[in-house]
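Here the structure comes first, spelled out in structure tokens, and everything after it is commentary.
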Amino acid sequence: MDQWFRAEVTATTPGATRARDEPLTPTGTLTGTRCLELFDAQATSRHLDLTARRLGRDGHGYYSIGSAGHEGNVVLAAATRTDDPALLHYRSGAFFVHRAGRVAGADPVRDVLLGVVAAAADPISGGRHKVFGSKAAGVIPQTSTIASQLPRAVGLAFALDRAAKLGVACEWPADAVVLCGFGDASANHSTAAGAVNAAVHTAHQGIAMPILFLCEDNGIGISVPTPGRWIEHAYGSRPGLRYFAADGSDLPQALDTATAAVDWVRERRRPAFLHLRTVRLLGHAGSDVEAAYRRPADLAADLRRDPVTATGRLLVAAGVATANEVMRRYDEIGARVAETAEKVRHEPKLLTAEMVVEPLAPARPTMVRTDALRAAAPAAGTRPRLGAARPDTRRTTPDVVDGGHPMTLAQAVNRTLADLLARDRDVLVFGEDVGRKGGVYGVTKGLQQTFGARRVFDTLLDEQSVLGTALGAGLAGFVPIPEIQYLAYVHNAADQLRGEAATLSFFSAGRYRNPLVVRIAGYAYQKGFGGHFHNDNSLAALRDIPGVVIASPSRADDAAAMLRTCVSAARVDGRVCVFLEPIALYHTRDLYREGDGGWSAPIANPRHVEIGRARAHGTGTHLTIVSFANGVPMSLRVARRLSERGIHARVVDLRWLAPLPVDDLLDHARAGGRVLIADETRRSGGISEAVCAALIDGGFDGPIARVTSADSFIPLGPAANLVLLDEIRIEEAATALLDRR
């Protein structure tokens, strides 16, 4: 590839010398000076790719997915501003070099190479991954994504206008354009299709959506060819999506097209799609041997379209520089890259596990507590109309009542959301059916009428887009509270939590954050509305995500306090929080007998529950029953029956499923001597496994037993009772544990 560049540039017939401020083509805007500037960025990216290969060969480099053949994307850096947020394709080396090079004090060569050698001094990820990212240059880091960044980009484009209209502080200007890059193979991913659909769907409603989708089409996904003209066929004539196309090897035409596309989006605040035709040189990655699956003629054809060579030839043919001047420029860049590589190859790496995980779970509990307990100071007319306390007779309508009256869990969440919306203008509540309907179970009823459709709104029925909207809104200065209707529904969008939300702080060393509280209705035990898709107890996929907070209240007062804590942890520390609400307890008022009101509670005074703190019911010393969610009231009823037999048990409500309240768990385990874990999730992959491990790791040496639901999906109708945990099983397990010597 390097030899081809040298041979082709040297063989180019020089044109008549021209002034460098003149356009290179009769109808274009690319001048000689600008062309040299863009060539420098392209050549720098090329030498970075070659150097990354050498570093890897010598055992000093750890990443070799290069940008060779995609250097035409430099035109997007030239066409956008440094305050236009960019979520890049992983072959965007030339874009990054040019964009970062426009920031005072930045050294994109050193920055990229520090990432290649996984140095702790890497200014974006701190040595955790090789990513293109820069806070100063507005480049939001992405890894080897397969379109997973697109929903976030759509969410950010949506949130820019909303932040300006609501007066929420946002680091991006109101007229910014969001640039989102991806490959032609990624364009087929359901995430890409859903994100583009969400953008068009949003713009169709007259809502601002200033996003430019950049598809860098090199015609192959690892080894699988993209059908000819497929991208144009799939995206070229979609209503509501303006389509632009350019050849990335033709710098003048590509720059004019990119400029037109960016200007179109900036002016109209509507989505557009730029199809940039590229080639892929050097294979997919360092370990990829293209000759194993591509014909020599195809490889040669791609090399003939090398964009760096094309720009070098253009400079000579247009009379901007001689071949010797271009070669000297190219070699000087190569020497500087090599010199920098020599300096960084021995830079210190991350040395401890603590250093690696530091950005995952930032915690400033005192600041979180202070924020959570801030008193509401709503403007006139922003408090919801309050009704009198009364039993809930309509399942889908929680009573929004004075917080001093006993409330159900659903009412407590509703009232707390109202208080937070009234207190903080950075809070948004949204999801499927949360607006006029008020959610499937009425938990958000009345909020849109009180706070308006800009702050409480319905989304399209696509969980990836719901979470992507939240991830983008968090980047725009909001504390988003999206709702996912059922736990089973979040699994088809789990990568937005795992691959996007949880990793952003990790791969940016905390420079970018994902403040997020996603409310999810979950668990089982619904009466009259069963089956797996509306009764799901699979939490393992959520608990496996590093750094994510999982809150699971069982009572109204805890729900109110924990929701406040999660929102404040998101705002203060940028935490990603999952707030799991037990559907079957939404409207539960009674505990032991009908009419006792034992499971409702007032929430008048703002409370805060520190993340990782459990709640104990009772002080029994014969047995400690550990549970959460629906298992808590069941365990309390079992404990009462045991007390009638002279056995005194305490019930510990975990409340936080990640991180587990280990210290409280151990204290109460030792006080009770014996521990029974009543786990409504599954026996394999459920919470009880983690609780057992925490007890053993903590040195608890008393008897431990667990009783769980079966390893099964939850069926429809009475059959659900055959696989779900119930009070009979809890009591039998408690008796067996007490009888154990």
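Nothing fancy with the numbering, it's 1 onward along the sequence.
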Legend entry - Beyond-backbone contact of R613 with P661, side-chain heavy atoms, under 4.5 angstrom: no
Legend entry - Stepwise side-chain contact (heavy atoms from CB on, under 4.5 Å) test for Q142 and V131: CA-CA 6 Å; Q142 307 298 314; V131 295; over 6 Å; no
Legend entry - Where S635 and I730 come nearest, the two heavy atoms and their spacing: OG-CD1, 4.1 Å
Inset, instruction - State, with a plain yes or no, whether a side-chain heavy atom of V427 is found less than 4.5 Å away from one of R571. - result: yes
Inset, instruction - Grab the two heavy atoms, one from P482 and one from V517, that are nearest each other, plus how far apart they are. - result: CD-O, 3.1 Å
Inset, instruction - Without swapping roles, check the side chain of W172 against the backbone of L475 for a donor-acceptor pair under 3.5 Å. - result: yes
Inset, instruction - Working to the nearest 0.5 Å, report the span between OH of Y525 and CD1 of I714. - result: 8.0 Å
Legend entry - Positive for side chain to side chain donor-acceptor pair (under 3.5 Å) with Y441, one of H587, Q526, E581: Q526
Inset, instruction - Examine distances only and state if a side-chain atom of T202 and a backbone atom of I207 form a donor-acceptor pair shorter than 3.5 Å. - result: no
Legend entry - Pairing of R423 and D419 as salt bridge, 4.0 angstrom limit: no
Legend entry - Nearest atoms (heavy-atom pairs only) where R128 meets M355: NH2-O, 2.6 Å
Inset, instruction - Nearest 0.5 Å please: distance from the CG atom of L676 over to the OG1 atom of T624. - result: 10.0 Å
Inset, instruction - Would you check if W656 and V549 make a side-chain contact, meaning some heavy-atom pair closer than 4.5 Å? - result: yes
Legend entry - Side-chain (D679) to main-chain (I687) donor-acceptor, under 3.5 angstrom: yes
Legend entry - Expected output: side-chain N537 to main-chain E680 donor-acceptor under 3.5 Å: yes
Legend entry - From CD (Q496) to CG (N514), nearest 0.5 Å: 10.0 Å
Inset, instruction - Check L360 against A502 and note the closest heavy-atom contact, atom names and distance. - result: CD2-O, 4.0 Å
Inset, instruction - Find the distance between CD (E483) and CD1 (I520) and round it off to the nearest 0.5 Å. - result: 10.0 Å
Legend entry - Under-4.0 Å salt bridge between R555 and D557: yes
Legend entry - Side-chain heavy atoms of N535 within contact of L724, under 4.5 Å: no
Inset, instruction - Run the numbers on L504 and I140 for side-chain contact (heavy atoms from CB on, under 4.5 Å), then give the verdict. - result: CA-CA 8 Å; L504 184 61; I140 300 161; 3.9 Å; yes
Inset, instruction - Search all heavy atoms of S709 against all heavy atoms of L725 and return the closest pair with its distance. - result: OG-N, 2.9 Å
Legend entry - Any side-chain heavy-atom pair of R706 and R683 under 4.5 Å: yes
Legend entry - Nearest non-hydrogen partners of G522 and L487, listed with the distance: CA-CB, 4.0 Å
Inset, instruction - Tell me whether the guanidinium CZ or amine NZ of R162 lies under 6.0 angstrom from the six-membered ring centre of F478 and within 45° of its axis. - result: no
Inset, instruction - Answer with yes or no after comparing the ring centroid distance for F457 and F158 against a 6.0 Å cut-off, counting only values under it. - result: yes
Legend entry - Donor-acceptor contact present, side-chain D653 to main-chain R615, <3.5 Å: no
Legend entry - Any donor-acceptor pair under 3.5 Å from R575 side chain to P362 backbone: yes
Legend entry - Criterion side-chain contact (heavy atoms from CB on, under 4.5 Å) on T459 and S465, from CA distance to verdict: CA-CA 8 Å; T459 65; S465 295; over 6 Å; no
Inset, instruction - Determine whether Y592 and L636 make a side-chain contact, defined as any pair of heavy atoms from C-beta on separated by less than 4.5 Å. - result: yes
Legend entry - Donor-acceptor contact below 3.5 Å, side chain D424 vs main chain D426: no
Legend entry - Criterion salt bridge (Lys or Arg N to Asp or Glu O under 4.0 Å) on R498 and D544, from CA distance to verdict: CA-CA 9 Å; R498 174 184 297 278; D544 183 53; 3.1 Å; yes
Inset, instruction - Decide yes or no for P151 and L471: does some side-chain heavy atom of the first lie under 4.5 Å from some side-chain heavy atom of the second? - result: no
Legend entry - Pairwise distance OG(S568) to CD1(I611) - rounded to 0.5 angstrom: 9.5 Å
Legend entry - Atom CZ of R364: over 12 foreign heavy atoms under 6.0 Å: yes
Legend entry - Side-chain (E432) to main-chain (D462) donor-acceptor, under 3.5 angstrom: yes
Inset, instruction - Look only at the side chain of R425 and the backbone of G167, and say whether a donor-acceptor pair between them is shorter than 3.5 Å. - result: yes
Legend entry - Pair Y486-H491, side-chain donor/acceptor within less than 3.5 Å: no
Legend entry - Distance, nearest 0.5 Å, that separates CE of M562 from CG of D558: 6.5 Å
Legend entry - L417 vs F451, side-chain contact (heavy atoms from CB on, under 4.5 Å): CA-CA, chis, key distance, verdict: CA-CA 11 Å; L417 289 172; F451 299 99; over 6 Å; no
Inset, instruction - May I ask you to check whether over 12 heavy atoms, not counting those of D663, lie within 6.0 Å of atom CG? - result: no
Inset, instruction - Return the orientation label for the F507 and H129 ring planes: parallel under 30°, perpendicular over 60°, tilted otherwise. - result: perpendicular
Legend entry - Within-4.5 Å side-chain heavy-atom neighbours: R511 and I124: yes
Inset, instruction - Verify, without hydrogens or angle tests, whether E358 (side chain) and E354 (backbone) share a donor-acceptor contact under 3.5 angstrom. - result: no
